[in-house]
Amino acid sequence: MTAALLFALSLPCVVSPPGSESRAALQAAGVTQLCAEADLAGREALPTPGTTPRPGVASPTRSPWIVASGWRFIRHPETKYVYDVPAGKAVLAAAEAFAYGADAALKVDAADARSLGDMLKFLQALPSVDLPAVADLAIVDDGSAAIGEVMNLLARRNLLFQVVQAASPRFPINITIGTPEYPRDQAADPSAFALKIRRELGDDKRALRVYGSEVVICRLTGDAGRARLHLINYGGRDIEGLRIRLRGTYAPGDAHVSGVGRVPIEDHVVAGGATEFSLARLTTYAVIDLNVARGF
Amino acid sequence: MHRRSFVRLLAGAPLVRAFQLPSDTPPLRIVSSYAASAAPGMPGPYPGRVISIKSDKCVDTSTGAANDEIVREMMARGMCALTGAATTVEAWRRFFEPSDVVGIKVNCGGYPHCVSAYEIVAEVVRQLTGVGVPVSQIYVYERFQNQMDEVNYAPHLPAGVQFVAAERANRNVDNGGYDPATYLEADFFGEEDTRSNMMRLVSRRLTKIVNIPNMKDHGATGVTGCLKNIAYGSFSNVARTHQRGKTYTYSVVGALAAMEPLRSRTVLQIMDGLRGVWHGGPFARTTRYVFYPRQIMVGTDPVAIDRLLLDIIENERRAHGAISIWDRSPASLRMDDTRARDADPNVNIIIREPGHVEYASKLGLGVYDRKRIDLQELTV
């Protein structure tokens, strides 16, 4: 049974209309803070996160199209959002919103009550960390749909960007659509445009690389002393042996994996100014906290 | 932990400089901490030498069933001829000792009609145990467990032989069976995952490998023989090298095969030519393109064997009026249309790269020049 079960995730604070069967189901699952239908007014609707195959374009299992909203959260962090997701998608939506600190409400299927409750407990139990987002490049937001699609394609390639209103000397690459370097007609093919930017930046210089999957999107935050990496798995299947490369030198740390718990990262190496490690198993979502290492 | 790695850009290595790669080939970055052995298994002690053992009796072409006794005899004759040993066990002792941990790289992709024959795999196991290698130190391996399950070698082999696959299936979700520190890195088509990692079993457990490919046509490489089977069958994420009619297998097959420790540990090539596939490979879902070369080739040089395989597949295609494996005509190309390819042997889905065999010779993996290949033909 689908019901208007709503909750806000800017913090794990959830409110629901009183009296519904679903409210009881959510409460039984440990989802205790529910919001009201009236709270949805003025919220921007988000697509259901996940993947869709692209027959004839790429193998559906290797490089599917990812539907993700992280780029929207980065572009408009002040906006309030709402997901209306079918059964099986509440957990992913909750993880996505949490990873970006978005103010999002969810309309979920009652069948997801238990898994959603488990995810919220997991999110609530995570150590509180507030670090600035890491970005390799800046995008000057002209407010157009075209630049939004470029952001979308950059995000799904794990090319970390910051949205700015004017070019910033802090970044080696500033993307302003309509300039000779980034003509508007090139941006009309966002995938090719994102690839061009990736190659301008150079893979070795990227703050983050992901190996072993093309359906994991990450958000990286950090400062001079530590980093937090969020990993969101949009593929719907657990991934084993995911390999991560972070620019910088980090000591071995632990991963908090939804549905699994706290586990050490594996095969940690530091070489060439970067740190690599593996995650034995990624379910829907994981958070990895790392401290900058001295003496490597 | 620090890692000492041997990192090199293949495109810039002196070894390769004399051989011109296509101008659009991206640099191939090789990362491995393994040094080559004093005498790498490929091309091994017999570069350019191939023993071909033929028998009209090895397969009943009306049923496809192999004759176990004939296969044993073919392999025994071949191994003795290759090594000059007086007995079979002596021949196998040239390659293996009881302390070895031996991998048998089978090919299961052509199930049900053309996979590494049970009879050949069983004979390899029998000879290894005859040398003194415990069955617990013998590993039959492939990349995908679901393919190994279909073929199901276990009932044909002694209890205790190990079966290892790196992934449950070709779904790109389980990478735990691969070595994160041993890989080839290249950006071919703008894919995000730019690494192909060697199987952990190969890099961290095995001391020797026996390679048992089949005689098959291949939609990207022209043929899939010793080089393709050991290279693309021991690394992750290799399908990314072909896309939309284009393939980089020309250079990548050899580059992977030449990576340590795979190159040093692959000491014996046994080409299973009991059955073959002349079109639609590497798959063999129907018998339409199956043929019966009825031979086994043994050697240590994968390039020399594959050079002969090029002719075998080309000749069989010619006999059926099919386009050459060397055909690069756009008119033959139906990009990604596997249905059209399966229906018509004059359709390519990719511009094939049979030149990968010659390229591998430039990496030192063996002898390509037909005039320098010492082919000895035996009949059982």
Check: Does CZ belonging to A:R199 count more than 12 external heavy atoms closer than 6.0 Å?
Finding: yes
Next item on the list: Can you see which heavy atom on B:P180 is nearest to which on A:D267, and at what distance?
Entry: CG-OD2, 3.5 Å
Item checked: Contacting region of A:N233 [heavy-atom separation from chain B under 4.5 Å] -> neither
Item checked: salt_bridge(A:R209, B:D193) N-O dist < 4.0 Å -> no
Next item on the list: Would you kindly say whether A:Y211 and B:E185 are connected by a side-chain donor-acceptor distance under 3.5 Å?
Entry: yes
Checklist line | Heavy-atom pair with the smallest gap, counting every atom of A:R243 and B:R195 | finding: CG-NH1, 4.2 Å
Check: Closest heavy-atom contact between B:Y183 and A:E276?
Finding: OH-OE2, 4.2 Å
Next item on the list: Give the minimum heavy-atom separation between B:N175 and A:I239, together with the two atoms involved.
Entry: ND2-CG2, 4.1 Å
Item checked: Heavy atoms of other groups near B:R204 CZ, more than 12 under 6.0 Å -> yes
Checklist line | Contact class of B:D187 relative to chain A, heavy atoms under 4.5 angstrom | finding: both
Note to self: Salt bridge check, B:D174 against A:R281: does any charged N sit closer than 4.0 Å to a carboxylate O?
What the structure shows: no
Item checked: chain B contacts, top residue of A:G212, A:G241, A:G272 (heavy-atom pairs, under 4.5 Å) -> A:G212
Next item on the list: Count the heavy atoms belonging to other residues, nucleotides or ligands that lie under 6.0 Å from CZ of B:R341, then report whether that count exceeds 12.
Entry: yes
Item checked: From CA spacing to verdict: side-chain contact (heavy atoms from CB on, under 4.5 Å), B:R168, A:E240 -> CA-CA 11 Å; B:R168 288 186 288 278; A:E240 297 173 14; 3.1 Å; yes
Margin query: Once rounded to the nearest 0.5 Å, what's the spacing between atom CD of B:E191 and atom CG of A:L195?
Written below: 9.5 Å
Check: Under 4.0 Å between a Lys/Arg side-chain N and an Asp/Glu carboxylate O for A:R198 and B:E192?
Finding: yes
